[in-house]
Amino acid sequence: MASHSWLMLDHESPRYRLPDDLRARDPMGGRDCGWVEQMLPFVRQFSQPGDTVFDPFAGFGTTLLAARLEGRLASGCEVDAGRIGLIRERLTRHDLAQGTMLLHGSCDALDDDAALPPFDLCLTNVPYFGCGWTGAPAALQLYDSQSYAQHLDGLRNVFHRVRAGLREGGACIAMVQNIRLGDRVLPLAFDLARILGSLFVMEEERVLIYPHESDEPSNDARTDRRHEYALVFRKQREHIDLQATAALLDALRAQGHAFTLLGSFARWLQAPKAPQGTPPADADIRVDPDPQRLNALLQHLREQGFALTSWGDPVDLPLHLDSYRGRYYFRADRIDSHGALIRLDICYEQ
C-alpha cells in the first residue's frame with residue numbers, strides 16, 4: 001500500500017464482485033457489500049501469509065475472500081443465517097472455502113475462547129445505523145438497532161471481544177463513514193474512533209475514495225459522498241511519561257487525596273533504574289468508593305487538564321457513582337503539547 005493517506009478505488013473487478021444471483025438472494029440486495037479491492041491492500045500490509053484475518057461483521061465474506069486470495073486463513077462472525085450461506089457459496093465458487101471458519105452469531109456472545117481462536121488482524125466494514133434492515137430478525141443484529149446509542153453500545157461490545165482475541169501487536173482496522181438520516185448527520189466514524197481509542201492505540205487513518213455507480217450529479221449535494229474512513233488501530237501498550245506520572249501521584253497525595261498504588265507502576269517506582277521488561281502503560285490506583293471523595297479527585301484531575309472516561313464514555317461531573325457501578329474504574333488521560341501521556345486508571349470497585 002502506498003504511504004499517502006488515501007486509497008483511490010477505481011473499479012470493482014467482475015471476477016471478485018458478489019455474483020448477481022447471490023446478491024439477489026439477499027433481503028437488501030447486497031447494497032452494503034464492500035469491494036475485495038478495498039480490503040486487499042490492508043490484508044497485504046497488516047498481515048503475513050499464514051496469519052488469520054478476522055471479520056466480526058462478515059456480511060458477504062468480502063474480507064474473508066480477500067484474506068484467502070492472499071494466502072491468509074480467514075474467520076468471521078455473521079448474525080444473519082442467510083448471509084452465512086451466501087459467504088460459504090461465494091468462497092466455494094473461488095475454491096477458497098477451505099481455511100475459512102464461519103461462526104453464526106455475534107462475536108461478543110462468544111464467551112469460550114476455543115470457539116473463536118486468536119487472530120492476527122481484524123479487518124471489517126461496520127454495519128450502519130438506520131439502514132432499514134429487511135432481513136430476518138436476529139439477536140444482536142446491529143443493522144436493526146432501535147437507537148443510535150444502542151448501535152454504539154453494540155459496536156463497543158463487539159470490539160471489546162475483538163480486543164480479547166487479537167494477538168498483541170495486531171492491527172484492528174474498521175471501515176466506516178459518517179451517515180445522514182434525513183436532515184441529521186450522525187458522526188459514526190468519529191464515534192467509532194472514540195470507542196476504538198478506548199481499546200487500542202490509534203496508528204493512522206486512510207481515506208478511501210471510490211466512484212458512485214453513476215457519475216450523474218446528485219439532486220441533493222449533501223448526500224453526494226464518495227469517501228469513507230479506514231481507521232487503523234493496534235493492540236499495544238501505550239508509552240507514558242514515567243517521571244511526570246510519579247510527580248502527579250506525589251502532588252495528589254500532598255493535596256490530601258488518599259489512594260493505594262498498584263501494579264506495574266508501583267513496581268517501577270520501587271526500582272526505577274532496575275532492568276525492566278515491558279514498561280508500565282499506566283498507573284493503577286485504588287480509591288475508597290466514597291462518592292464525595294472520588295468526585296473531588298476527578299474534579300481536581302479535570303482542572304489539571306485530564307480527560308475522564310469510563311469504558312470510552314466521557315464522565316460527567318458532579319459524579320453520580322451509581323451510574324458507573326460494575327465498570328470498576330475511571331481512566332484519566334492527559335497529553336501535553338509534545339505528545340507525552342500521563343494515564344491513571346482509578347479503581348473504585350474490587
Side-chain angles (χ1 to χ4, degrees), residues 2-6 46 152 156 159 163 168-169 171-174 176 178 187-207 227 229-257 259 261-269 272-273 276-285 287 294-319 324 327 329-348:
S3 61
H4 49 61
S5 61
W6 69 91
F46 293 95
L152 294 179
R156 180 184 293 104
F159 284 106
R163 190 183 192 284
E168 190 70 25
C172 176
I173 304 172
V176 61
N178 297 319
L188 179 60
F190 307 141
D191 286 334
L192 179 60
R194 176 176 53 82
I195 291 170
L196 294 177
S198 71
L199 299 168
F200 308 98
V201 177
M202 190 168 191
E203 186 166 298
E204 62 173 307
E205 64 170 358
R206 297 290 175 95
V207 178
H227 75 278
Y229 297 94
L231 304 176
V232 181
F233 287 75
R234 199 170 290 277
K235 183 180 177 179
Q236 64 186 29
R237 294 172 66 86
E238 286 274 24
H239 299 289
I240 63 170
D241 187 323
L242 299 172
Q243 301 296 337
T245 301
L248 171 69
L249 295 173
D250 288 342
L252 291 177
R253 285 196 180 96
Q255 291 155 7
H257 297 288
F259 58 86
L261 182 61
L262 308 169
S264 60
F265 194 86
R267 293 189 293 272
W268 174 84
L269 203 58
K273 296 185 178 181
Q276 299 263 344
T278 305
D282 53 40
D284 295 305
I285 63 174
V287 299
L294 190 49
N295 185 80
L297 172 60
L298 296 179
Q299 184 64 50
H300 174 77
L301 289 171
R302 175 163 290 175
E303 291 170 357
Q304 297 301 309
F306 282 83
L308 306 175
T309 57
S310 171
W311 291 17
D313 295 326
V315 174
D316 293 326
L317 297 179
L319 181 67
Y324 299 98
R327 291 197 172 194
Y329 72 98
F330 296 114
R331 173 160 287 177
D333 284 338
R334 185 175 71 190
I335 300 173
D336 69 17
S337 59
H338 301 289
L341 170 69
I342 300 176
R343 169 169 290 169
L344 299 183
D345 280 351
I346 304 163
C347 308
Y348 56 87

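Because the structure is predicted, anything quoted here is derived from the model rather than measured. Values reported hereafter were calculated over all heavy atoms of this structure, with side chains retained and with hydrogens, waters and symmetry mates removed.
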Between Ile342 and Ala244 the two heavy atoms that sit nearest each other are CD1-CB, 3.7 Å
Practice item. Check whether any side-chain heavy atom of Gln304 sits under 4.5 Å from a side-chain heavy atom of Leu248, and report yes or no. Key: no
In short, salt bridge (Lys or Arg N to Asp or Glu O under 4.0 Å) pairs touching residues 294-319 with sequence neighbours left out are Arg156-Asp313, Arg194-Asp313, Asp313-Arg327
What one should report as the nearest heavy-atom pair of Phe159 and Phe200 is O-CZ, 4.1 Å
With sequence neighbours left out, the residues meeting side chain to side chain contact (heavy atoms under 4.5 Å, CB included) with His338 are Asp336
Measure the shortest side-chain to side-chain distance between His300 and Leu252 over non-hydrogen atoms and say whether it is less than 4.5 angstrom. yes
When every non-hydrogen atom of Ala230 is compared with those of Ile173, the smallest separation belongs to CB-CG2, 4.5 Å
The ring pair (Phe, Tyr, Trp, His ring centres under 6.0 Å) partners of Phe265 (sequence neighbours excluded) come to Trp268
Nearest heavy-atom approach of Ile240 to Pro280 is CG1-O, 3.6 Å
Query raised in the report: With distance as the sole test, does Asn178 use its side chain to make a donor-acceptor pair with the main-chain N or O of Leu188 at under 3.5 Å?
Result: yes
Sorted by chain and residue number, the side chain to side chain contact (heavy atoms under 4.5 Å, CB included) partners of His239 (sequence neighbours excluded) come out as none
| Phe259 versus Ile346: any side-chain heavy-atom pair under 4.5 Å? | no
Closest heavy-atom pair, Thr309 versus Val315, reported as atoms and distance to 0.1 Å, is C-CG2, 3.5 Å
Minimal heavy-atom distance between Ala189 and Leu231, with the atoms involved, is O-CD1, 3.6 Å
Contacts satisfying salt bridge (Lys or Arg N to Asp or Glu O under 4.0 Å) that involve residues 232-246 (not counting sequence neighbours) are Glu203-Arg234, Glu238-Arg343
Side chains of Phe233 and Leu199, heavy atoms from C-beta outward: is any pair under 4.5 Å? no
Residue set satisfying ring pair (Phe, Tyr, Trp, His ring centres under 6.0 Å) with Phe330, at least two apart, ordered chain then number -> Tyr324, Tyr348
Would you call Val232 and Phe46 a side-chain contact if the rule is heavy atoms closer than 4.5 Å? yes
